[in-house]
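For the numbers below, each heavy atom of this structure counts, side chains included, while hydrogens, waters and symmetry mates do not.
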Amino acid sequence: MEEKVLQILGGLCGAEPGELSPGLDLFEEGLLDSFATVQLLLELEEAFGVSLALEELSREQIATPAKIAALVREAQG
């Protein structure tokens, strides 16, 4: 799951494979902004069949690829 999240993020951020690590703070590094966050949620919903409401998520919950993967796992129940 983490690998797929990294692939999705790489596509959104224009990062090469290996440039993103599970613990990388995406906001601190300037890789995610509000527009990219919406795109990310849409791609996660499509890729994993989950429903993620932007208004219910904090920045902290989606700050790193590892946290995003954990959020998706939780959403899958």
Side-chain angles (χ1 to χ4, degrees):
M1 165 144 345
E2 229 171 63
E3 188 61 37
K4 181 67 174 171
V5 168
L6 288 169
Q7 285 178 344
I8 291 170
L9 285 165
L12 285 174
C13 302
E16 296 296 319
E19 281 187 82
L20 302 175
S21 66
L24 180 69
D25 189 313
L26 300 165
F27 292 101
E28 206 171 273
E29 295 297 321
L31 298 173
L32 272 187
D33 59 16
S34 56
F35 180 73
T37 300
V38 172
Q39 289 294 109
L40 171 64
L41 294 181
L42 291 172
E43 291 200 30
L44 291 172
E45 289 177 352
E46 185 177 314
F48 296 105
V50 296
S51 180
L52 302 168
L54 179 61
E55 61 274 2
E56 295 175 12
L57 298 175
S58 70
R59 179 175 166 164
E60 180 62 28
Q61 287 175 290
I62 56 173
T64 69
K67 289 181 179 183
I68 294 168
L71 182 69
V72 170
R73 270 192 225 87
E74 184 180 313
Q76 287 179 323

Heavy-atom check, side chain of Ile8 versus side chain of Ile68, under 4.5 Å: no
Walk me through it: do Leu26 and Leu9 pass the test side-chain contact (heavy atoms from CB on, under 4.5 Å)? CA-CA 9 Å; Leu26 300 165; Leu9 285 165; 3.9 Å; yes
Please report the shortest heavy-atom distance between Val5 and Pro65, naming the atom on each side. CG1-O, 3.8 Å
Within the structure provided, determine whether Leu20 and Leu31 are in side-chain contact (heavy-atom separation under 4.5 Å). yes
Closest non-hydrogen atoms of Glu28 and Arg59, given as atom of the first, atom of the second and distance, are N-NH2, 4.3 Å
Given side chains that start at C-beta, do those of Met1 and Arg73 come closer than 4.5 Å, heavy atoms only? yes
For Ala69 and Glu2, which heavy atoms make the closest approach, and how far apart are they? CB-CG, 3.9 Å
I'd like a table of donor-acceptor pairs (distance under 3.5 Å, sequence neighbours excluded) in which one partner is a side-chain atom from residues 37-53, with atom names and distances.
{"unit_1": "Thr37", "atom_1": "OG1", "unit_2": "Asp33", "atom_2": "O", "d": "2.7"}
{"unit_1": "Glu45", "atom_1": "OE2", "unit_2": "Leu52", "atom_2": "N", "d": "2.8"}

Glu74 atom CD: more than 12 heavy-atom contacts under 6.0 Å: no
